[in-house]
S.K.: 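Below you'll find the structure I mean.
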Amino acid sequence: GVLVVAVSFFLTECRALIAFYFSFKSFVGLVPDWFFLHVSLSVDDETVMRGLGTNHSVQLGEFLKCLTKDFTKMTMALNPEFSGECLSEGNEAEQLDHLTGGMLPDIPRHYLFSVTNYVGLCIVFGFTVILLVELAIFRPHHFGSGRYIAFTIHLRSLLAYKIAAYVLAVFNAFVLAGFVFIGYRCYAVKGMTVA
């Protein structure tokens, strides 16, 4: 009974938090990838990175997959130096400066993505733990019971729940501000000619 309610609660009530994290993680990896490909990558840089005109040239499809993989890898990289298959520490900082407008201090640029990713993960994990601990304390026996309805009302009155909800809202505002900033940087770098 209680285990079934806990698993069902996790899969239904916590589903939004888990979906938020995975969609956010995709956002953190794919938006810089898009910006890099459509805004900051010049034809000359692409020619060099793909090795065009050499015996070891990379096809466009393979190059695009490689870049996407590297940007996704950046969301997990906490090492001081980033080494991907297509991007490395040497060219990564220069290429990502277009994204930030050179406004970041002298830190590895991939930290922008990995730290943001891990902060989002910690917020979602903490919120989920709060929900599951409160479920264990309240112990409703099944979803249709009055005790479960009382639990959901009780949950929204808890200080820990309210704090977690506000932290998540502030984090979302931060993500939205980042998205607006990236849009501004697209306009600043390319004007209205972004493909």
Side-chain angles (χ1 to χ4, degrees), residues 2-36 67-82 84 87 89 92-93 96-97 99-101 103-140 143 147-186:
V2 175
L3 181 62
V4 171
V5 170
V7 169
S8 297
F9 178 80
F10 180 75
L11 294 176
T12 57
E13 301 296 328
C14 299
R15 177 184 60 211
L17 289 170
I18 295 164
F20 163 78
Y21 171 71
F22 284 107
S23 62
F24 168 73
K25 186 174 189 289
S26 295
F27 172 82
V28 169
L30 294 178
V31 168
D33 181 35
W34 178 89
F35 184 91
F36 176 73
L67 283 177
T68 301
K69 192 158 103 176
D70 280 358
F71 276 105
T72 303
K73 186 178 174 184
M74 274 186 204
T75 65
M76 309 286 273
L78 289 175
N79 297 334
E81 294 183 13
F82 176 78
L87 297 173
E89 184 62 35
E92 171 242 356
L96 294 179
D97 272 342
L99 177 64
T100 62
M103 295 172 52
L104 285 179
D106 192 24
I107 60 169
R109 301 303 186 253
H110 64 276
Y111 279 171
L112 174 71
F113 309 115
S114 59
V115 169
T116 305
N117 174 48
Y118 286 122
V119 167
L121 179 62
C122 288
I123 290 170
V124 168
F125 181 76
F127 206 161
T128 303
V129 167
I130 289 169
L131 293 174
L132 292 174
V133 165
E134 285 302 316
L135 180 71
I137 291 170
F138 221 78
R139 294 183 186 257
F143 283 112
R147 191 165 175 86
Y148 184 80
I149 295 169
F151 163 69
T152 58
I153 293 169
H154 164 77
L155 201 57
R156 285 164 180 71
S157 68
L158 287 174
L159 181 62
Y161 180 89
K162 289 178 183 177
I163 290 171
Y166 285 122
V167 167
L168 188 60
V170 167
F171 186 73
N172 278 321
F174 169 74
V175 170
L176 181 61
F179 184 72
V180 169
F181 179 74
I182 289 171
Y184 164 74
R185 290 298 307 151
C186 286

S.K.: Using a 6.0 Å cut-off, check whether atom NZ of Lys25 has over 12 heavy atoms from anything other than its own residue.
M.R.: yes
S.K.: Determine the minimum heavy-atom distance between Phe171 and Thr116, stating which atoms define it.
M.R.: CZ-O, 3.7 Å
S.K.: Enumerate, atom names and distances included, each donor-acceptor pair closer than 3.5 Å involving a side-chain atom of residues 153-165, sequence neighbours excluded.
M.R.:
unit_1	atom_1	unit_2	atom_2	d
His154	NE2	Glu134	OE1	3.3
Arg156	NH1	Thr152	O	3.1
Ser157	OG	His154	O	2.7

S.K.: Indicate yes or no: at least one non-hydrogen side-chain atom of Ile18 is less than 4.5 angstrom from one of Phe10.
M.R.: yes
S.K.: Applying side-chain hydrogen bond (donor to acceptor under 3.5 Å, both in side chains), name anything that partners Thr68, two or more places apart in sequence or on another chain.
M.R.: Asp33
S.K.: Check side-chain contact (heavy atoms from CB on, under 4.5 Å) between Arg147 and all other residues, then give those that pass, not counting sequence neighbours.
M.R.: Phe138, Pro140, Ser145
S.K.: Quick test of your reading: applying side chain to side chain donor-acceptor pair (under 3.5 Å), list the pairs with at least one residue in residues 166-182, sequence neighbours left out, ordered by first then second residue.
M.R.: none
S.K.: Taking all atoms of both residues into account, what is the closest heavy-atom pair of Ala77 and Ser114, and its distance?
M.R.: O-OG, 2.8 Å
S.K.: When the side chains of residues 117-131 are checked against the rest of the protein, which donor-acceptor pairs come out under 3.5 Å, sequence neighbours left out?
M.R.:
unit_1	atom_1	unit_2	atom_2	d
Asn117	OD1	Tyr21	OH	2.8
Asn117	ND2	Thr75	O	2.8
Tyr118	OH	Met76	O	3.1
Thr128	OG1	Val124	O	2.8

S.K.: On the 0 to 90° scale, with breaks at 30° and 60°, tag the Tyr184-Phe181 ring pair as parallel, tilted or perpendicular.
M.R.: tilted
S.K.: With sequence neighbours excluded, tell me which residues meet side-chain contact (heavy atoms from CB on, under 4.5 Å) with Val7.
M.R.: Leu3, Leu11
